[in-house]
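Note on naming: letters A, B, ... go to the chains in the order of the sequence lines (proteins, then strands), and numbering restarts at 1 for each one.
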Amino acid sequence: MKRTEMLKMNYEFNRVFRKGIYYNTKYLTLYVRPRNDNRLMLGITVSKQVKGSVKRNHVKRWLREMYRATESEICTGNDLVIVGRFLPQDTNYHKLLLVWEKLIKEAKIYCPKTAYV
RNA sequence: UGAGUAAACCGGACAAUCGCGGCUGCAAAGAUGAAAAUCUGCAGAUGAGGAAAGUCCGGGCUUCAUAGGGUAGGGACGCCGGGUAGUUCCCGGUGAAGGUGACUUUAAGGAAAGUGCAACAGAAAUUAUACCGCCGAGCGAUCGGUAAGGGUGGAAUGGUGAGGUAAGAGCUCACCGGCAGUCUGGUAACAGGCUGGCCGUGUAAACCCCGUCUGAAGCAACACCGUGGAGAAACAAUAGUGUGACCCGCACGUUUCGUGGAGGUGGCUUGAAUCCGGGCGAAAUCCCGGAUCUAGAUAGAUGAUUGUCCUCGACAGAACCCGGCUUACAGGUUUACUCAGAUU
């Protein structure tokens with residue numbers, strides 16, 4: 001299985017924020033920007049509305065795990081940035097996963113496995 | 001048994017599957033490359049805290065400044081002894097305050113160098129003073145003596161008792177307090193004794209005085225590499241470089257020095273280290289011997305799922321590294337001690 005490619009530099013993030021299309025929900029914001037090549041790159045960031053570095057880190061891990069679970073169903077050729085926003089106390093991984101699945105369909109980057117087979 | 005004091009420690013556990021960081025080893029299958037190597041692959045062990053936090057002190061380390069020394073100014077600290085690389089930290093002790101007690105708290109030098117302040121109340125808040133009183137003189141107005149008592153205040157000119165007196169007063173005496181001198185004990189802070197003598201408030205977390213210490217900035221420090229770009233020098237015109245097997249053709253001046261933006265590499269984990277054993281000491285700490293290597297990321301690694309168990313899980317995430325302080329914290333364990341009660 002292919003390793004997830006991460007966005008690293010600050011300018012890469014800024015490029016996606018400025019030129020990408022964003023899809024907003026209560027818990028997450030997704031920025032999408034098409035790429036010239038066929039790679040799929042991911043950036044994860046969490047808003048400071050989530051207090052405390054422990055909680056922020058935890059949300060980041062959820063987002064990464066969530067992406068990993070659905071990576072094979074996402075269209076290639078895009079830069080994605082997922083932003084974690086304010087989360088109520090009873091949030092857990094499963095709730096986030098449901099939100100995420102809705103979000104990728106809405107953003108029209110949901111490509112079921114046919115692309116790979 | 002109940003209530004409490006002090007110290008030390010732990011900070012959900014186990015199993016399975018998938019996933020992540022750097023490390024070590026293997027493999028040579030795939031990709032890049034001239035090579036070294038890098039990525040991918042497989043295996044292995046390993047991977048956040050007691051506060052990682054606040055960034056409040058003290059260092060190491062680095063750069064800048066600086067011949068050496070002193071003074072002023074600024075800042076910090078302030079009972080004594082010991083510990084330490086060092087501190088405002090730690091340990092032990094002294095004084096003071098609190099608690100029945102175990103024990104706790106303590107910015108604890110100087111008010112006899114000087115200045116300031118002390119609201120309201122009160123007669124009076126410091127080279128001051130007499131409101132109600134008390135006593136004496138006087139018919140009285142008033143004058144003189146006094147600071148026991150009342151009253152004000154956070155604080156009122158040592159306190160209690162006796163003598164003394166017109167009434168009173170350290171005026172005198174005893175004890176207590178405080179001051180000065182001296183002796184004894186203690187390394188010292190200080191404690192105790194003796195003698196003299198009766199001494200005018202508090203505030204230095206007000207200025208100040210005395211003593212001690214004191215360059216500045218921080219890993220985004222700093223060192224190295226550095227496509228591009230700015231600069232300098234040298235060389236060349238049938239040359240050189242790239243493309244290519246070669247020629248033609250096409251494109252471009254080339255090389256060196258050097259400054260350094262983006263970016264990269266180092267700094268980056270072996271250290272006042274951890275564990276075990278022994279020793280000096282009342283303790284902090286120190287000494288000796290043995291063993292171990294225990295995160296090193298850079299959009300920043302610990303997560304998800306399932307199952308079992310319990311007390312049902314708090315505060316909370318390394319970012320150069322140590323020592324200390326402070327603050328946050330569900331619940332639990334151990335040891336020592338105190339008070340009250342019960343039983344023997």
Side-chain angles (χ1 to χ4, degrees):
Chain A
M1 183 175 165
K2 219 179 172 185
R3 184 176 289 261
T4 304
E5 289 188 273
M6 303 295 290
L7 294 177
K8 291 202 168 179
M9 305 313 300
N10 204 27
Y11 67 87
E12 295 176 316
F13 276 80
N14 283 333
R15 196 167 56 198
V16 178
F17 284 139
R18 278 207 311 274
K19 302 195 173 175
I21 308 163
Y22 69 90
Y23 300 91
N24 216 338
T25 70
K26 197 173 173 186
Y27 306 127
L28 304 174
T29 303
L30 175 66
Y31 289 82
V32 182
R33 179 177 173 276
R35 287 183 68 91
N36 294 330
D37 54 23
N38 203 32
R39 293 157 81 194
L40 177 61
M41 294 191 77
L42 173 72
I44 289 177
T45 175
V46 180
S47 155
K48 283 225 170 165
Q49 288 171 28
V50 181
K51 299 273 175 163
S53 53
V54 173
K55 285 173 193 161
R56 270 202 297 280
N57 262 337
H58 202 171
V59 171
K60 245 187 238 178
R61 285 171 191 142
W62 279 345
L63 296 184
R64 196 178 298 120
E65 175 68 22
M66 183 178 84
Y67 172 82
R68 198 177 65 81
T70 56
E71 187 174 12
S72 59
E73 302 176 359
I74 295 177
C75 306
T76 54
N78 286 306
D79 282 339
L80 308 181
V81 173
I82 310 170
V83 181
R85 307 180 71 206
F86 171 75
L87 300 173
Q89 283 220 320
D90 60 342
T91 315
N92 58 30
Y93 174 73
H94 297 282
K95 284 191 183 178
L96 274 185
L97 191 59
L98 287 176
V99 173
W100 170 244
E101 282 172 348
K102 263 188 205 168
L103 195 58
I104 55 177
K105 283 170 192 167
E106 190 187 324
K108 296 173 185 167
I109 54 168
Y110 180 64
C111 299
K113 294 192 175 181
T114 49
Y116 274 76
V117 172

Checking contacts here: which listed nucleotide (rA316(B), rA301(B), rA304(B)) is nearest the side-chain heavy atoms of Arg64(A)?
rA301(B)
Thr45(A) vs Glu65(A), nearer the 5' end of RNA chain B by closest nucleotide
Thr45(A)
Protein-nucleotide distance (Leu63(A), atom CG; rG300(B), atom P), rounded to Å
12 Å
Look through every strand shown and name the nucleotide pairing with rA342(B) as Watson-Crick or G-U wobble, where both distances are under 3.5 Å.
none
Rounding to an integer number of angstrom, what distance separates rG110(B) and rC210(B) when you compare their P atoms?
16 Å
Please give, in whole Å, the distance from rA299(B) C1' to Tyr31(A) OH?
16 Å
Atom-to-atom span, CG of Leu97(A) to P of rC18(B) - whole angstrom
20 Å
Calculate the interatomic distance between Asn57(A) atom CG and rG317(B) atom P; express it in whole Å.
9 Å
Rounded to whole angstrom, note down the C1' distance from rA119(B) over to rG215(B).
47 Å
Provide the distance between the two P atoms, one in rG178(B) and one in rU201(B), to the nearest whole Å.
15 Å
Report yes if some heavy atom in the side chain of Ile82(A) is under 4.5 Å from a heavy atom in the side chain of Trp100(A); otherwise report no.
yes
C1' spacing across the pair rA236(B) / rC252(B), given as an integer number of angstrom
15 Å
Paired nucleotide for rU184(B) [Watson-Crick or G-U wobble; both distances under 3.5 Å]
rA191(B)
Examine rA304(B): is either OP1 or OP2 under 4.0 Å from a nitrogen or oxygen in the side chain of His58(A)? Give yes or no.
yes
Between rG300(B) and Arg61(A), counting only base atoms on the nucleotide and side-chain atoms on the residue, is there a donor-acceptor pair under 3.5 Å?
no
Take atom C1' in rA67(B) and the same atom in rG92(B), then report the distance between them in whole Å.
46 Å
For rA162(B), which nucleotide is its Watson-Crick or G-U wobble mate, given both distances must be under 3.5 Å?
rU172(B)
Could you check if the base of rG136(B) is syn or anti? Syn means the glycosidic torsion is within 90 degrees of 0.
anti
side-chain contact (heavy atoms from CB on, under 4.5 Å) with Val99(A): which residues, sequence neighbours excluded?
Thr25(A), Tyr27(A), Leu28(A)
With rounding to whole Å, what would you report as the distance between rA169(B) and rU146(B) at their C1' atoms?
8 Å
Give me syn or anti for rG168(B), where syn covers glycosidic angles within 90 degrees of 0.
anti
So Trp62(A) and Leu97(A), side-chain contact (heavy atoms from CB on, under 4.5 Å) or not? Walk me through it.
CA-CA 9 Å; Trp62(A) 279 345; Leu97(A) 191 59; over 6 Å; no
Which nucleotide, in any strand shown, forms a Watson-Crick or G-U wobble pair with rG263(B), with both distances under 3.5 Å?
rC225(B)
Figure out the CH2/C1' separation between Trp62(A) and rU302(B), and round it to whole Å.
15 Å
Its glycosidic angle compared against 90° from 0, rU115(B) adopts the form anti
Consider the side chain of Lys60(A), meaning its heavy atoms from C-beta on, and name the nucleotide among rG303(B), rA48(B), rG300(B) that approaches it most closely.
rG300(B)
Could you give the distance separating rU115(B) and rU203(B) at their C1' atoms, to the nearest angstrom?
14 Å
If we call it a pair only when both distances are under 3.5 Å in a Watson-Crick or G-U wobble match, what pairs with rA237(B)?
none
Do you know which two heavy atoms are closest between Ile44(A) and Lys60(A), and how far apart they sit?
CG2-CG, 3.6 Å
Between rG324(B) and rC89(B), how far apart are the C1' atoms? Round to whole Å, please.
5 Å
Tell which nucleotide pairs with rC42(B), taking only Watson-Crick or G-U wobble pairs whose two distances are both under 3.5 angstrom.
rG25(B)
From CZ of Arg56(A) across to P of rA52(B) the rounded distance in Å is 20 Å
Any strand, both distances under 3.5 Å, Watson-Crick or G-U wobble: rA204(B) pairs with none
Rounded to whole Å, please give me the gap between CD1 in Ile44(A) and P in rG303(B).
15 Å
Just label rA180(B) as syn or anti from its O4'-C1'-N9-C4 or O4'-C1'-N1-C2 angle, using within 90° of 0 for syn.
anti
Taking atom CZ of Arg64(A) and atom CZ of Arg61(A), what is their separation to the nearest 0.5 Å?
8.0 Å
Watson-Crick or G-U counterpart of rG218(B), or none if no pair lies under 3.5 Å:
rC61(B)
If the condition is side-chain hydrogen bond (donor to acceptor under 3.5 Å, both in side chains), which residues does Asn24(A) pass it with, not counting sequence neighbours?
Thr29(A), Arg85(A)
Which label fits rU5(B), syn or anti, where anti is any glycosidic angle not within 90° of 0?
anti
